[in-house]
Amino acid sequence: MSTFHYPDLQVCVLAAGKGKRMRSNLPKVLHKVLGRAMIDHVLHTVESLKPKAIAMVTGHASEMVREHVGQPVNLDWVIQDKQLGTGHAVKQCENVIRDVRDVLIVCGDTPLLSVDTLAKLVDEHRSAGTDVTVLTAKPVNPLGYGRIVRDDDGNVTNIVEEKDATDKQRQISEVSSGIYCVRHEVLFDLLHAIGNTNAQSEYYLPDIVPLALNAGQSVRAVAMFDSDEMVGVNDRVDLSDVEAIMQKHIIQDWQRNGVTIEKPETVRIEAGVKIGIDTVIQAGCYLIGSTQIGDECRVGPNAVLVDAWLDDRVNIFAFSHIHGAAVGSDSKVGPYARLRPDARLDEKVHIGNFVEVKKSVIGEGSKVNHLSYIGDATIGSNCNIGAGTITCNYDGANKFHTDIGNDVFVGSDTHLVAPVRVGNGATIGAGSTITRDVADGGLTLSERNEQRHIGSWKRPQKENI
Ligand code: UD1
Ligand code: MG
């Protein structure tokens, strides 16, 4: 990946709008695309340019946005009390911008933007020596975007919003991405001159284009290489469109980095996920949040991994659900297993079907293969926990711990009533209810009823009425 450094560039991110079309209580830029808020995608991209500073314009629910973003060192918060338009929003940054050559203006609602595209915009703006440069594209569907109006010689003369455009202008396929690079020296004089006589009574940023031309300044358009990058999110239809595009890119990146993904169109891999080489992700998997998967693992089909951590050569069988849990190398989990937060499996552990593990550590080589609940427990190495074993960790008010040593064999259908400790090498007979600590070695089993046989007993027959 290329690295960038623009010490004489100021970035302004516009994120004050409510995003009315989202119909949401959440500000638009906090809506997530593949697990990350839109504003985080945009911030990550502009931070990669290493600009001098970033001004973030917020207004609607600014406290929520601020709380979410925190306080990066080179970020200034700018409040736009009333959302009077994109031009008005940039104007609010006037006092925080000092001593830079150019100002790069981006919108908080275009999360697909790449750093290479922004760098290309700034570089071409500078090499052409232009005052105002707008980033444009020709998307498949230009509906809703500002159209780029050019004269007969192909020079940009204006940008017209959809709502203000004539029928003829709406036919124009070249649109504005809403992203501009403007010479700092001219920007604020232009912004002060913007009026709001238009269909939305807003101070439109695109109006700097005709104003600059009137003032004898130069305006240029730089075209985007991939028009997908500029898709702006205005409603939830756009949100899913953008997510689909980003998903395709993320999946292709992992494929190119040595991960096999079966039926990629059925798989969800969020932006924060990491996957090692020669790992196979099978159909229908959901890899969510900060999930990290090692090399040579196999996941799926239909497994859900949320903030999960898998070491190398782990096999997760179909329909397993792993949330906030860690799985050691060469372990096998599932099918239909559930690992809940703070489940930690050491190396070569087997967790089988319909087993739930919560807040427990399971030692190397131990097996819990069928129909069990292991909660608030520590299990040593090389143990075999029989089918249907339950750690009874909850008395209705408090949780208690079960501690099992190494080389323990727990017979099927055992209840371990916590707090309880089972010593090393102990064997517990099937069907036991263990309420007191078990010594090392030997066989422990709770009292059983005598087994009886009634030879004369007959199965009931259906009565013929
Ligand atoms: C805008 C552009 C349009 C461009 C499109 C690209 C204007 C007038 N229109 O339209 O030319 O094709 O983006 O996606 O610039 N915002 C503020 N304060 C405001 C208004 C908006 O901070 O007063 C922010 C919003 O939070 C948003 C961004 O500016 O992040 C763009 O606003 P939005 O309402 O989405 O504009 P579009 O209709 O998409
Ligand atoms: Mg928009």
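Remember, it's 1-based here, ligands and their atoms both numbered in the order they're listed. Computed from a prediction, not measured in an experiment: that's the story for all the values here.
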Those atoms of ligand 1 less than 4.0 Å from some heavy atom in Cys107: 28 (C), 31 (C)

Met38 heavy atom under 4.0 Å from ligand 1: no

Side chain to side chain, Pro206 and Tyr180, heavy atoms closer than 4.5 Å: yes

Sub-3.5 Å N/O-N/O distance, Lys28 and ligand 1: yes

Gln80 touching ligand 1 at heavy-atom level, < 4.0 angstrom: yes

Partners meeting ring pair (Phe, Tyr, Trp, His ring centres under 6.0 Å) with Tyr373 (sequence neighbours left out): none

Close approach, Asn234 and ligand 1, non-hydrogen under 4.0 angstrom: yes

Residues that Glu47 engages under side chain to side chain donor-acceptor pair (under 3.5 Å), provided they are two or more places apart: none

Proximity to ligand 1 by part of Pro206, non-hydrogen separation under 4.0 Å: side chain

Proximity to ligand 1 by part of His88, non-hydrogen separation under 4.0 Å: neither

Test item: protein heavy atom less than 4.0 Å from atom 1 (C) of ligand 1: no

Atom 4 (C) of ligand 1: the protein heavy-atom neighbour that sits closest, reported with distance to 0.1 Å: Ser176 O, 3.4 Å

Sidechain N-carboxylate O distance under 4.0 Å for Asp123, Lys120: no

Counterpart residues, ring pair (Phe, Tyr, Trp, His ring centres under 6.0 Å), relative to Phe400 (two or more places apart): none

Geometric N/O contact Gly17 with ligand 1, under 3.5 angstrom: yes

Within reach of ligand 1, part of Leu84 (heavy-atom separation under 4.0 Å): backbone

Identity and separation of the nearest protein heavy atom to atom 21 (C) of ligand 1: Thr86 CG2, 3.7 Å

Basic-acidic side-chain contact under 4.0 Å: Glu174, Arg150: yes

Short N-O contact, Lys358 and Asp376, less than 4.0 angstrom: yes

Validation row: Asn302, Tyr286 side chains within 4.5 angstrom (heavy atoms): no

Short N or O distance, Asp109 and ligand 1, threshold 3.5 Å exclusive: yes

N/O separation below 3.5 Å, Gly146 to ligand 1: yes

Cys12, Ala16, Gly85: member with heavy atom nearest to atom 22 (O) of ligand 1: Ala16

Min side-chain heavy-atom separation Val233-Met38 under 4.5 Å: yes

Ligand-residue contact atoms, ligand 1 with Gly108, heavy atoms, under 4.0 Å: 30 (O)

Polar contact flag for Val29 and ligand 1 (N/O pairs, less than 3.5 Å): no

Check: Ser114/Thr117 side-chain N/O donor and acceptor closer than 3.5 Å: yes

Distance-only polar pair, side chains of Gln80 and His88, donor-acceptor under 3.5 Å: yes

Polar contact flag, side-chain donor to acceptor under 3.5 angstrom, His125-Asp131: no

NZ or CZ of Lys50 within 45° of Phe4 ring axis and under 6.0 Å: no

Atom 14 (O) of ligand 1: the protein heavy-atom neighbour that sits closest, reported with distance to 0.1 Å: Tyr145 CE2, 3.7 Å

Test: Asp102 and Lys52 ion pair at under 4.0 Å: no

Leu14 CG to Gln83 CD distance, which is reported to the nearest 0.5 Å: 11.5 Å

Rounded distance (nearest 0.5 Å) linking atom CG of Leu191 with atom CG of Leu205: 6.5 Å

Polar protein atoms near the Mg ion (ligand 2) [N, O or S; cut-off under 2.8 Å]: Asp109 OD2, Asn234 OD1

Identity and separation of the nearest protein heavy atom to atom 10 (O) of ligand 1: Glu161 OE1, 4.0 Å

Residue portion contacting ligand 1 (non-hydrogen atoms closer than 4.0 Å) for Arg147: neither

